[in-house]
2 protein chains.
Amino acid sequence: MATIDDVSKRAGVSRSTVSRVVADNGYVSEEKRRAIQKAIEELGYRPNTLAQALRSNRSNMIGAVVVDVGTPYFANMVYGLQRATRKAGKALMVSSGYADQDEEARAIIELVDRSCDGILLYLERPLRADVVEIIRAAHIPVVMIGRMGCEVARGSVQLDNFGGARDAVGFLLDHGHRKIVHLSGQADFGDTAARLEGIAEALAAHGMSMADIKVVNGEFSQEFGYSATMALLDEGHDFTAIFAGDDDMAAGVLLALRHAGKSVPLDVSVIGFDDAFHARHLWPPLTTIRQPVDEIGETAANLLLKLLGEPGSAMLQTTIGTSLVVRDSVGPARP
Amino acid sequence: MATIDDVSKRAGVSRSTVSRVVADNGYVSEEKRRAIQKAIEELGYRPNTLAQALRSNRSNMIGAVVVDVGTPYFANMVYGLQRATRKAGKALMVSSGYADQDEEARAIIELVDRSCDGILLYLERPLRADVVEIIRAAHIPVVMIGRMGCEVARGSVQLDNFGGARDAVGFLLDHGHRKIVHLSGQADFGDTAARLEGIAEALAAHGMSMADIKVVNGEFSQEFGYSATMALLDEGHDFTAIFAGDDDMAAGVLLALRHAGKSVPLDVSVIGFDDAFHARHLWPPLTTIRQPVDEIGETAANLLLKLLGEPGSAMLQTTIGTSLVVRDSVGPARP
DNA sequence: GGAGTTTATGGGATCGATCTCACATGGGAG
DNA sequence: CTCCCATGTGAGATCGATCCCATAAACTCC
């Protein structure tokens, strides 16, 4: 690998002058500039990123830790992150904690130690105190994605859970449904509260209240969707529509209804949340609330990049809107 | 951030001695070792990875470029990569070319410039010559995933497409199917040839030949699966089973059959390939050939790590086996 | 008791860049 | 004619580690 010294010798100038040409700053005569560029070309010189980063204290690298990169949801988010960071000419380094706090801490510290210029985090739990301290000591700006806050965060991007839930229930109400069940995620999950408010708003707009909807708390999984639906049917609960907290649940709901001999959407309408990868493959194709996951990632990355540009700026916060994706799982309420 | 000099001063020793303790090599007296460890603890010292890498020419970082990280398939592969690299105490840096040759080249060169110790590649096309040259000049070992070869590759991991296709068709034959259609991927795609051989083997085992199966060439997409199936039905082609080249195609096949009023598996059996994320969510749940994608990634990463350990070793090659996942889309052939 | 080896430690060059500072030149203003 | 500022260039310190080499003490072996 050619170094900056090789270039300087070949062009008959000093290291400093080559550096000026490469970084495009300071004064350089047109004549030497051309000679240097010629030498760079001929040697195929590319600056050593490590040395640059060590000396200048800027690595041009953004770090990200998400719960689990192996998942379509986060893969999609990473896609958004990469789109933004690449456009800005920065590299991206992603890793995951896989729901293990030690792994997660290790992954984040790794990013700090590799001198990332900034860090993006999508976590399920608050950050461990020692990790917070390490990030703070390194003066690395952090942007949080999702509802989970963090003391060192300088920015945050989150989904409009309120609006999404309001639209979902609103859509069911507009189709004449009055006996609605909502399968909700973990009660302590940050998003859940916002969604309940959204549901309340939709109901209020139709002169109803939370008393008019049945909420079942569980977890975001197909299994829960299935078992909860079966339980409702078994106890003879009367409902015409189900709003599932996410599309995994919705998949379980659809399966349970099929096994129970119920037709969707003739007997029961189902609406999901996320527009996950498999939503279109379910039968019937699932009507759902779309979360623009890649856009969330892109927005978060851009926010971080902005933070890097203007160090002293205030806390930045952005909310990303959802949209309704109409497929075939919602129909008019049966009389 | 505390540096090695801070530690050495606090412990009253030289930089060299601290380095020896941290790297755990060379001679250090027990007394000083303890003093140094105490100082490290108190200062919260963690070595600067950049400086280490610059000086020692080993970054402890593995790079990977796959076609598209945003996709569930590759996300799953990255999961496998991360499992292996993390276990080995190395960091992983992943990026994608998104089917753009320039992007892809940029991504790979970026990894080279960041001094990755080794590189993993899953590409759709042969590597551009200038990129090959850059990798060669940097003496970085490369492991290729998938069938696509590459001159600088020191190792390769690929799927047993032959066995997978043989098992798929064998399974259909075992269920009495004799009128089988195979929807194949791009003819120039490396895997396709191996699969055709596998199909031939399965047929031969039942005293049949390639003349007894209809092969339709197209592309790996739901749209093609749909249109190809529709075309077959329209032209009145007589078949009892379809072997789709991947699960996306299979999704299209199922949809077309449903729209045509055919029942699966009563009228037509369908088998896919990949066991993609959505295979279980299709209706009926898809019987398919499982590709252990994460295992492929893990194996490739381990192979690269092995290569890093023994620099002079020969070309390493591994084939990963498939397995049959039986769900509900294949049944006995109708008479 | 001297030669050779093992153990222990520090000094200083080095990796490949950036960046400050010193210095030189030339032209325009006063 | 001097002063100042814009332009142009290079020397050398520096980032934070690794690692080779010099040195010295302690120990082993004839």
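A note on names: the letters A, B, ... follow the listed sequences, proteins ahead of strands, and every chain is numbered from 1. Computed over heavy atoms, backbone and side chain alike; hydrogens, waters and symmetry mates excluded. What you are looking at is a predicted structure, and each value in this text was computed from that prediction instead of being measured.
One finds no side-chain N or O of A:Lys32 lying less than 4.0 angstrom from the OP1 or OP2 phosphate oxygen of D:dG8. Between C:dT9 and B:Ser14, no contact under 4.0 Å exists linking OP1 or OP2 to a side-chain N or O.
Across the protein-nucleic acid pair, B:Asp5 atom CG and D:dT18 atom P stand 11 Å apart, rounded to whole Å. Atom CG in A:Leu50 sits about 20 Å away from atom P in C:dT14, given to the nearest Å. Note: NZ (A:Lys9) to P (C:dG16) measures 11 Å, nearest angstrom. Rounded to whole Å, the distance from CG on B:Leu43 to C1' on D:dG16 is 15 Å. With rounding to whole Å, B:Asn57 atom CG is found 11 Å from D:dT18 atom C1'. Atom CZ in B:Arg15 sits about 11 Å away from atom C1' in C:dT14, given to the nearest Å. Between B:Asn60 atom CG and D:dA17 atom C1' there is a gap of 13 Å when expressed in whole angstrom units. When the P atom of C:dT14 is taken as reference, atom CD1 of A:Ile4 falls 18 Å away, rounded to whole Å.
Note on B:Val28: only backbone sugar-phosphate atoms sit closer than 4.0 angstrom, heavy atoms only; bases stay farther off. Using a 4.0 Å heavy-atom cutoff across all strands shown, B:Ser29 reaches sugar-phosphate atoms only and no base atom. Backbone-only contact: A:Val13 has heavy atoms under 4.0 Å from sugar-phosphate atoms and none from a base.
Residue A:Asp5 qualifies as enclosed at atom CG: its count of foreign heavy atoms under 6.0 Å is above 12. Around CD of B:Glu41, the count of heavy atoms belonging to other residues, nucleotides or ligands within 6.0 Å does not exceed 12. Atom CZ of B:Arg136 sits in a crowded spot, with more than 12 heavy atoms from other residues, nucleotides or ligands closer than 6.0 Å.
A donor N or O paired with an acceptor N or O is found under 3.5 Å between the base of D:dG10 and the side-chain atoms of A:Arg20. Scanning atom types as modelled, one donor and one acceptor separated by under 3.5 angstrom connect the side chain of A:Ser16 and the base of D:dA11.
The residue among B:Arg55 and B:Gly26 whose nearest nucleotide of DNA chain C is located toward the 5' end is B:Gly26. Each of B:Leu54 and B:Tyr27 was assigned the nucleotide of DNA chain C with the nearest heavy atom; the assignment lying further toward the 5' end belongs to B:Tyr27.
Put simply, the side chain of A:Ser96 gets close to the backbone of A:Val69: a donor and an acceptor are under 3.5 Å apart.
Out of D:dG10, C:dG16, D:dG16, the shortest distance to the side chain of A:Ala51 is found at C:dG16.
Salt bridge status for A:Glu30 with A:Arg34: present, with a side-chain N to carboxylate O gap under 4.0 Å.
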